[in-house]
Amino acid sequence: MLYRGCRILLTLSAGTRWAPRVWPQLRGVCMASTRASPAVFRWEEEHYEDGMKWKFLEHRGPYFAPPYEPLPDDVSFYYDGKPVKLSPGAEEVATFYGKMLDHEYTTKEAFQKNFFADWREQMTNEERKLIKHLHKCEFSEIHKYFFEKNEARKALPKEEKQKLKEETNKIQEEYGYCILDGHREKIGNFKIEPPGLFRGRGDHPKMGMLKLRIMPEDVIINCSKESKVPDPPPGHKWKEVRCDNTVTWLASWTENIQSSIKYIMLNPSSKLKGEKDWQKYETARRLKGVVSDIRAQYRVDWKSREMKKRQRAVALYFIDKLALRAGNEKEEGETADTVGCCSLRVEHIQLYPELDGQQYVVEFDFLGKDSIRYYNKVPVEKEVFKNLKLFMENKNPEDDLFDRLNTSILNKHLQDLMDGLTAKVFRTYNASITLQNQLKELTNGEDNVAAKILSYNRANRAVALLCNHQRAPPKTFEKSMQNLQTKIDAKEQQLKEAKKELKSAKAEHKARKSEKSKKEMEKKKKQVARIEEQLMKLKLQATDKEENKQIALGTSKLNYLDPRITVAWCKKYGVPIEKIYNKTQREKFAWAIDMTSENFEF
DNA sequence: GTAGGGACTTGGTTCAACATTA
DNA sequence: TAATGTTGAACCAAGTCCCTAC
């Protein structure tokens, strides 16, 4: 077994390029390949005790949001038609609302109500006495001011923009990296979230509430004892400086909306995150080995005498077959009303003994994570159908479907079936195995690269569909589809003409049989072939786009698909990895790109 | 078993940068 | 060169799962 922290020393031999960046526990698997890397890394012999994530951690602390800049005098807020100069605190909150005026949020009652209540808390006594109704408030000048400011920024001359960019880069350089066990690692989110109005998704009861400004006094710093503790901004102090090497965060604070903790953590390209990711897929691969036993077991459990067991078995069947999320309980009234498998309610499913020629159909209709609708009609086994009927007996629509089950019970059971198994592993496993199977099915080795990429995207799409990863169709979708069609039409016309020219060149050659006429004919032939290829590329592009309209591929690519499947596929079929993974994705999956051969099997 | 806190992953939207077209 | 379309990165909300205290 490979282990953390074994020594790796890479040297360059003549003829090789830079050695690959290698993580300790990947030793032996990845030595074969090389890839461009800015440096040769040497990992010292490190022994990490149980639960220890690092030995040395040093960083600059978080980057704070810029302070509030008051509005210029010629920009006014109006109440009941009269201009009112607000106190800085109240004015800042007013600008949060004013900026959002053209957003749908501000039309929602809950948003308005929450905003107004929190805004009034920031007002002075006099302001509170005066400003009593939101509908008498006029933010349009504020809105206009920020809109124009934004436009002006966009219209800045090149040099000015360049200057701004350099400043951003400087901040990134200074705050965006840390030193972890001797290596400079990129931080994911080094900026503290600026104050604003909370934008909860779906029907969130807290939307519009004021997200307070975070001060250094709210922030806990985590770094090692031997490191230089980051300086708080002048005149300020940290809430606490601690040294906890059993966690991976560099800084944290508690936000005021849900009083949950927010963290500053490393970028996915870091060793720490990469190792965890790799581990995740290894767990999913272990599930592959036992999944048939587990499936056999839950089928048996459908007939158990214990109601609890039956519910557990049916829920697990859904999680396995439909890739549903676990479905933790949520505090009522604190968040949008969304559910996952274990928290499904009677009202979320409909049973049809027969539907559209199929038997035992279950219709799911509920809001899942991020209030994304899950709608699906699924034929199920007779036993499942009977059980569901039983679970629903004598219940109200708003009652829990699985009243004897929760995620903790389910996960405890799964832990007994396989070490490290939890509900979400099924999603990872089913997503990855689907990709692998679809790629096998859809890829044609004879195809050109463009067609292979379409096949890949189709396989990716099958996974996104399984996981219900949706997106709002892009605003420009119809138009860009039209543009593409125009291009296709033009290309077809071009092809028609080229074919005509070829035909006459052929006739010409038949008549003359000269070297020159032959050359001319060959030239036309090549031209036709070229245009045909271009046309096919465009058509593939159009198909791809159409099929992608409402489906988001990114989430599965980033979180569910074992990158080694993709890397192996690229190698096997000669598709450059850059065609599938962009720069960020290649950085995140560097471990997989390094270690995977074309023979990899998930 | 259950409530609540804590750490970490997953997720869609928005914004900015880049590429292409008019 | 400006306008427009496309892609990638940033953002931060919303999940999962684990642990502890009762």
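Below, chain A is the first sequence line, B the second, and so on; all start at residue 1. Hydrogens, waters and symmetry mates are skipped; everything else that's a heavy atom, side chains included, is used.
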Task: For K191(A), salt bridge (charged side-chain N to carboxylate O under 4.0 Å, His left out) partners two or more places apart - done: none

Task: D370(A) side-chain proximity, nearest of dG6(B), dT9(B), dG12(B) - done: dG12(B)

Task: Ranges pairing with ranges for DNA chain B, where each run has three or more Watson-Crick or G-U pairs under 3.5 Å - done: B:1-22 with C:1-22

- [ ] Look at K369(A) and dA13(C) and indicate whether a side-chain polar atom (N or O) is within less than 4.0 Å of OP1 or OP2.
- [x] no

- [ ] Would you please indicate yes or no on a ring centroid separation below 6.0 angstrom for Y177(A) and H59(A)?
- [x] no

Task: Spacing between K165(A) atom NZ and dG8(C) atom C1', to the nearest angstrom - done: 13 Å

Protein-nucleotides 13-15 of chain B N/O pairs closer than 3.5 Å?
residue, atom, partner, partner atom, Å
dT13(B), OP2, A472(A), N, 3.4
dT14(B), OP1, H103(A), NE2, 3.1

Open item on the list: Output the rounded distance in Å from CG (N406(A)) to P (dA3(B)).
Closed with: 10 Å

Task: K191(A) side chain, from C-beta outward: closest of dC11(C), dA7(B), dT16(C) - done: dC11(C)

Open item on the list: Under a plain distance cut-off of 3.5 Å, with no hydrogens placed, do Q112(A) and N114(A) share a side-chain donor-acceptor pair?
Closed with: no

TODO: Starting from P on dC11(C), measure out to NZ on K99(A) and report it in whole angstrom.
DONE: 14 Å

Open item on the list: Mind checking if T248(A) touches a base, just sugar-phosphate, or nothing, with heavy atoms under 4.0 Å?
Closed with: sugar-phosphate

Open item on the list: Just the rounded figure in Å: distance from C1' of dA13(C) to CH2 of W253(A).
Closed with: 13 Å

Task: Minimum-distance nucleotide (side-chain atoms of N582(A) versus dA7(B), dG8(C), dT10(B)) - done: dG8(C)

Open item on the list: Enumerate the side-chain hydrogen bond (donor to acceptor under 3.5 Å, both in side chains) contacts for residues 163-172 of chain A, please, sequence neighbours excluded, ordered by first and then second residue.
Closed with: Q162(A)-E166(A)

Task: Side chains of R427(A) and Y560(A), donor plus acceptor under 3.5 Å - done: yes

- [ ] Name the residue closer to the 5' end of DNA chain B, choosing between N468(A) and R242(A) according to the nucleotide with the nearest heavy atom.
- [x] R242(A)

Task: Footprint string (nucleotides 17-22 of chain C, 5' to 3'): B base within contact, S backbone only, - free, heavy atoms under 4.0 Å - done: BS----

Open item on the list: Heavy atoms from C-beta onward define the side chain here; which of dA13(C), dG11(B), dA7(B) lies closest to that of I261(A)?
Closed with: dA7(B)

Open item on the list: Less than 4.0 angstrom between a side-chain N/O of K273(A) and OP1 or OP2 of dT9(B), yes or no?
Closed with: yes

Taking only nitrogen or oxygen atoms into account, show me every contact under 3.5 Å that the protein makes with nucleotides 2-5 of chain C, one pair per line with its distance.
residue, atom, partner, partner atom, Å
dG5(C), OP1, K479(A), NZ, 2.5

Open item on the list: Under 4.0 Å, heavy atoms only, any strand: does K211(A) hit a base, just the sugar-phosphate, or nothing?
Closed with: sugar-phosphate

Open item on the list: If the cut-off is 4.0 Å, is K262(A) near the phosphate of dC11(C), judged by side-chain N/O to OP1 or OP2?
Closed with: no

Task: ring pair (Phe, Tyr, Trp, His ring centres under 6.0 Å) against Y145(A), all qualifying residues, sequence neighbours excluded - done: none

Taking distance alone, no hydrogens or angles, what donor-acceptor pairs closer than 3.5 Å link side-chain atoms of residues 257-266 of chain A to residues at least two apart or in another chain?
residue, atom, partner, partner atom, Å
S260(A), OG, E255(A), OE2, 3.0
K262(A), NZ, E193(A), OE1, 3.2
K262(A), NZ, E193(A), OE2, 3.3

Task: Whole-Å gap separating P (dC12(C)) and CE (M207(A)) - done: 17 Å

TODO: Check whether any side-chain heavy atom of V425(A) sits under 4.5 Å from a side-chain heavy atom of K280(A), and report yes or no.
DONE: no

TODO: For dT9(B), take OP1 and OP2 only and decide whether either is under 4.0 Å from a side-chain N or O of Y560(A).
DONE: no

Task: Short side-chain N/O contact to dA14(C) OP1/OP2 from S260(A), under 4.0 Å - done: no

Task: Given DNA chain C, 5'-ward residue of the pair G340(A) and K583(A), judged by closest heavy atom - done: K583(A)

- [ ] Provide, to the nearest angstrom, the distance between the CG atom belonging to N189(A) and the P atom belonging to dA7(B).
- [x] 14 Å

Task: Side-chain N,O (K330(A)) to OP1/OP2 (dA14(C)) below 4.0 Å - done: no

Open item on the list: Rounded to whole Å, please give me the gap between NZ in K412(A) and P in dT16(C).
Closed with: 17 Å

TODO: State which residue, out of D365(A), D400(A), D337(A), fulfils the salt bridge (charged side-chain N to carboxylate O under 4.0 Å, His left out) condition with R345(A).
DONE: D337(A)

TODO: List in chain and number order the residues that pass ring pair (Phe, Tyr, Trp, His ring centres under 6.0 Å) with F96(A), two or more places apart in sequence or in another chain; answer none if no residue qualifies.
DONE: none

TODO: Have a look at Y97(A) and tell me which of F115(A), W119(A), F146(A) forms a ring-ring contact (aromatic ring centres under 6.0 Å, His included) with it.
DONE: F115(A)

Open item on the list: Pick the closest DNA chain B nucleotide for W249(A) and for R325(A) by heavy atoms, then say which residue is nearer the 5' end.
Closed with: W249(A)

Task: Any pair counted as side-chain hydrogen bond (donor to acceptor under 3.5 Å, both in side chains), so long as it reaches residues 410-420 of chain A, sequence neighbours left out - done: R312(A)-H413(A)

Task: Any S252(A) side-chain N or O less than 4.0 Å from OP1/OP2 of dA7(B) - done: no

Open item on the list: Taking CD in E151(A) as the centre, count heavy atoms belonging to other residues, nucleotides or ligands within less than 6.0 Å. Is the count above 12?
Closed with: yes

Task: Lys/Arg-Asp/Glu bridge criterion (N-O < 4.0 Å) met for E578(A), K583(A) - done: no

TODO: Hey, which sits more toward the 5' end of DNA chain C by its nearest nucleotide, E255(A) or Q172(A)?
DONE: Q172(A)

- [ ] Apply side chain to side chain contact (heavy atoms under 4.5 Å, CB included) to D320(A) and list each qualifying residue two or more places apart in sequence or on a separate chain.
- [x] R295(A), Y298(A), F426(A), N430(A)

TODO: Would you indicate, yes or no, if dA13(C) has its OP1 or OP2 atom less than 4.0 angstrom from a side-chain nitrogen or oxygen of H204(A)?
DONE: no

- [ ] Would you kindly give the CZ-to-P distance between R213(A) and dC12(C), to the nearest whole Å?
- [x] 13 Å

- [ ] Verify the contact: side-chain N or O of T555(A) to OP1 or OP2 of dG12(B), cut-off strictly under 4.0 Å; return yes or no.
- [x] yes

Would you tabulate the side-chain donor-acceptor contacts of residues 217-224 of chain A under 3.5 Å, counting partners in other chains and residues two or more places apart, or write 'none'?
residue, atom, partner, partner atom, Å
E217(A), OE1, H236(A), ND1, 3.1
E217(A), OE2, H236(A), ND1, 3.1
E217(A), OE2, K237(A), N, 2.9
D218(A), OD2, M215(A), N, 2.7
N222(A), OD1, D244(A), N, 2.8
N222(A), ND2, D244(A), O, 3.1
N222(A), ND2, W249(A), O, 3.1
S224(A), OG, L57(A), N, 2.7
S224(A), OG, L57(A), O, 3.1

